[in-house]
Amino acid sequence: MPQVVHKEDLHRFELEVEGAVAFIEYKVKKPDVFAFVHTLVPDAHKGKGVASQLTKGAFEWCRDHGVQIIPVCPFIVTFVKRHPEWNDLIHEG
């Protein structure tokens, strides 16, 4: 199974799927707070759970590194509502 990769220089998390790249872009609000602003999955891979796999990988990285999240992207907002197990990552400031 492909792994989510943090591309710090690009401010995004990437997941390669069959030669295509899905990603979540973020803005650094503080060193330990990222605003997730955009999620992109190539058309050929939409509806296959790629965005959820990417989001889970990005959230795991954030949890492991003590980073909180501000959901801005509509997909991320919906994902958090459906998966309350990630609520500890949501920045309340």
State the [atom1]-[atom2] distance between [X] and [Y], to the nearest 0.5 angstrom.
| X | Y | atom1 | atom2 | answer |
| --- | --- | --- | --- | --- |
| Q3 | E16 | CD | CD | 12.5 Å |
| S52 | R82 | OG | CZ | 8.0 Å |
| L40 | R12 | CG | CZ | 8.5 Å |

The test is side-chain contact (heavy atoms from CB on, under 4.5 Å); show your working for F79 and C73 and say whether it passes. CA-CA 10 Å; F79 183 90; C73 167; over 6 Å; no
Within-4.5 Å side-chain heavy-atom neighbours: [X] and [Y]:
| X | Y | answer |
| --- | --- | --- |
| L15 | V21 | no |
| E60 | V4 | no |
| I90 | P71 | yes |
| K7 | F23 | no |
| I76 | T78 | no |

Tell me whether F75 shares a hydrophobic cluster with I69, the cluster being built from Ile, Leu, Val, Met, Phe, Trp, Tyr side chains joined at under 4.5 Å.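 Linked, F75 and I69 end up in one cluster.
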State, to 0.1 Å, how close [X] and [Y] come at their nearest heavy-atom pair, and which atoms those are.
| X | Y | value |
| --- | --- | --- |
| N87 | V80 | OD1-CG1, 3.7 Å |
| L54 | F13 | CD1-O, 3.7 Å |
| L89 | F59 | CD1-O, 3.4 Å |

My understanding is that only residues two or more places apart in sequence, or in another chain, count here; which of them pass side chain to side chain contact (heavy atoms under 4.5 Å, CB included) with A44?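 Side chain to side chain contact (heavy atoms under 4.5 Å, CB included) list for A44, sorted by chain: empty.
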Whether the side chain of H45 engages the backbone of V41 through a donor-acceptor N/O pair (distance < 3.5 Å, no angle test) should be reported.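 Side chain of H45 to backbone of V41: no pair is present.
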For the CD atom on E85, are there more than 12 heavy atoms of other groups (residues, nucleotides or ligands in this structure) within a distance under 6.0 Å?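 Yes, CD of E85 has more than 12 neighbouring heavy atoms, counting only those of other groups under 6.0 Å.
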Taking only distance into account, with no hydrogens and no angle test, what donor-acceptor pairs under 3.5 Å do side-chain atoms of residues 25-37 form with protein atoms, sequence neighbours excluded?
from : atom 1 : to : atom 2 : distance (Å)
Y26  : OH     : H6 : NE2    : 2.5

